[in-house]
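Naming convention: chains lettered A, B, ... in sequence-line order (proteins, then strands); numbering from 1 in each chain.
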Protein chains: 2
Amino acid sequence: MGCNSCACENCHNKMCSKRVPIFSSFNQEEITRVSSLIVRREYKKGELIILEGAGIESLVIINSGRVKAYRNTSEGREHILYIFSEGDFFGEKNLLQNKAATYNAEALEDTGICTIHRKAFQELMREYPELSFKVMEELCNRLVRLEKTIESMGTRNVELRVNSVLVEFAEKYGRAEPRGLVIELPMSREGIANYIGLTRETVSRKMSLLQEEHIIEMVGNKKVIILDMNRLKENV
Amino acid sequence: MGCNSCACENCHNKMCSKRVPIFSSFNQEEITRVSSLIVRREYKKGELIILEGAGIESLVIINSGRVKAYRNTSEGREHILYIFSEGDFFGEKNLLQNKAATYNAEALEDTGICTIHRKAFQELMREYPELSFKVMEELCNRLVRLEKTIESMGTRNVELRVNSVLVEFAEKYGRAEPRGLVIELPMSREGIANYIGLTRETVSRKMSLLQEEHIIEMVGNKKVIILDMNRLKENV
DNA sequence: CGTTATATTGAGATAGATCAACCTGGGTGG
DNA sequence: CCACCCAGGTTGATCTATCTCAATATAACG
């Protein structure tokens with residue numbers, strides 16, 4: 001667990017507060033205060049952080065690693081809603097209302113999180129309106145993303161959906177390299193399929209087609225290089 | 001346009017401030033202050049309130065009537081994202097960030113709205129943290145709704161989607177009557193179809209099936225009576 | 001280097017899209 | 001007050017893209 005509320009420079013660096021966007025407007029003193037409210041935890045790859053339906057009492061901020069938020073659908077599949085990474089937070093629905101978690105959260109890799117109790121975070125937001133604003137901004141960004149997703153899922157054109165998800169990943173995880181944008185995929189073919197409401201076979205086929213057309217190149221199962229972003233975006 | 005910033009009781013009643021959830025924690029004095037910041041407008045049925053891509057400078061709160069928020073998809077169809085009604089607000093994405101409107105908003109019936117300039121609203125949120133909280137709550141509710149929608153759209157089972165949308169409308173617009181929950185549909189078959197990513201024919205067929213099974217009854221084109229909510233919800 | 005999980009590819013079944021014809025309800029004018 | 005009109009809705013027949021099931025290939029990892 002490491003140190004929980006120590007404010008020394010050494011520990012700070014391990015703490016979320018410094019690198020988390022929602023605290024970006026805070027000065028050193030405020031950061032120290034925030035740090036004292038934080039409880040840190042580590043999760044191993046594959047560990048469940050939150051179970052759908054559970055009541056959580058804290059806002060969870062990701063310090064390092066990646067987390068997938070998903071639901072088990074009535075059809076028995078696992079529908080991924082978000083991939084959270086460093087600096088993202090979740091549990092926002094429990095922050096103000098007393099809602100149970102609407103999804104499961106599972107560490108995709110070894111992950112460090114910081115939790116702040118809802119009451120403490122509410123207190124902070126009361127004192128620092130900028131913090132509220134940052135949270136709202138992020139909520140709006142999520143709305144924008146979900147609205148886009150819904151639009152592309154309403155689409156009959158399946159290629160479009162596959163392209164969209166690749167563009168989305170590229171924007172979020174892409175690393176520019178000489179050959180093109182390199183994406184470290186946050187999920188398996190099956191994960192992608194469930195993310196956009198298709199079967200893994202269809203995703204596979206569509207991606208193979210994109211490769212044949214030299215729009216993308218697949219490197220192993222977890223990496224994709226986008227060779228021609230323009231053509232990929234053409235119908236998104 | 002009526003009176004814009006008058007604070008007399010008479011005008012108050014026409015103003016949003018009193019009946020809008022986000023201002024529900026405000027006392028009389030605060031309401032008066034809010035009222036003075038509001039600019040009221042009326043729109044006729046079918047009028048466009050906001051055009052996708054336009055920069056809006058104000059938060060829009062619906063005082064009376066209904067508004068559909070939609071986008072034109074790349075396939076040339078109209079995808080409805082939200083149906084807003086009395087007390088709902090939109091333009092939240094322009095409130096803090098300088099984002100252009102992500103959707104069109106059109107009055108579904110004669111509609112009265114109140115607008116508050118973003119700067120003024122920000123000021124209010126700074127002063128009254130409760131207001132921020134109310135806005136956040138609503139944003140969270142929208143996230144919940146969109147997450148649900150995405151899950152149901154990821155579903156291969158189409159009946160499920162039709163049932164879901166009927167349950168959603170029932171919860172939002174349902175009026176209990178002896179025969180069952182009566183829903184005044186906010187959109188045409190085509191609208192519903194686009195809302196859940198199907199064709200109007202398929203929606204028609206699925207609804208006819210539901211009627212054959214005595215789960216719903218259709219009255220004309222704009223009204224549906226839910227006769228057996230349990231069976232409708234069975235697989236949602 | 002072998003074993004297991006994951007991804008690809010192929011062939012066939014099927015649900016929903018598409019195209020087309022027909023019906024209905026609610027509004028209008030004679 | 002009735003007949004007519006027309007947008008929107010329903011129903012039917014086909015077509016096609018994706019799902020499903022199955023076999024095979026490839027990657028990941030100890």
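We find that CZ of A:R189 is positioned 10 Å from P of D:dA28, with the value rounded to whole Å. Atom CD of B:E201 and atom C1' of C:dC22 are 13 Å apart (whole Å). Residue B:E78 contributes atom CD, which lies 15 Å from atom C1' of D:dG8 at whole-angstrom precision. Rounding to whole angstrom units, CD1 of residue B:I192 and C1' of D:dT10 are separated by 14 Å. Residue B:E212 contributes atom CD, which lies 12 Å from atom C1' of D:dT10 at whole-angstrom precision. Whole-Å rounding puts the B:L209 CG to C:dA15 P distance at 13 Å. The nearest whole Å value for the distance from the CG atom in A:N194 to the C1' atom in C:dA7 is 15 Å. Rounded to whole angstrom, the span from the NZ atom of B:K222 across to the P atom of D:dG8 amounts to 9 Å.
Using a 4.0 Å heavy-atom criterion, one finds that B:K206 contacts the sugar-phosphate atoms exclusively.
Contact of B:R156 with C:dG16 (side chain to base): no donor-acceptor pair of N or O atoms is detected under 3.5 Å. In terms of polar N and O atoms assigned as donor or acceptor, the side chain of B:R205 never comes within less than 3.5 Å of the base of D:dG9 in a complementary pairing.
Between A:S188 and the phosphate of C:dT6, there is no side-chain N or O to OP1/OP2 separation shorter than 4.0 Å. Remark: B:T202 is in phosphate contact with C:dA17, judged by side-chain N or O atoms under 4.0 Å from OP1 or OP2.
A salt bridge (Lys or Arg N to Asp or Glu O under 4.0 Å) with B:E184 is found for one member of B:R175, B:R66, B:K172, B:K223 and no other, namely B:R175.
Taking the six-membered ring for Trp and thresholds of 30 and 60 degrees, B:F169 and B:Y173 have ring planes inclined between 30 and 60 degrees apart.
Checking A:G220 against A:T199, the closest nucleotide of DNA chain D that is more toward the 5' end is the one next to A:T199.
Taking the ring centre of B:F84 as origin, the terminal cationic atom of B:R142 falls outside the region bounded by 6.0 Å and 45° from the ring axis.
For A:N221, counting side-chain heavy atoms from C-beta on, the closest listed nucleotide (C:dA7, D:dC29, C:dC19) is C:dA7. The side chain of A:M218 sits closest to C:dT8 out of C:dA7, C:dT8, C:dT18. Listed nucleotides C:dT9, D:dT11, C:dT8 differ in distance to B:S208; the shortest reach to its side chain belongs to D:dT11. Distances from the side chain of B:L198 to the nucleotides D:dT20, C:dT9, C:dA17 place C:dA17 closest.
Salt-bridge annotation for A:E217 and A:R179: present, with a side-chain N of the basic residue lying under 4.0 Å from a carboxylate O of the acidic one. A salt bridge is defined here as a Lys NZ or Arg NE, NH1 or NH2 lying under 4.0 Å from an Asp or Glu carboxylate O, and B:R145 with B:E147 fails to meet this definition.
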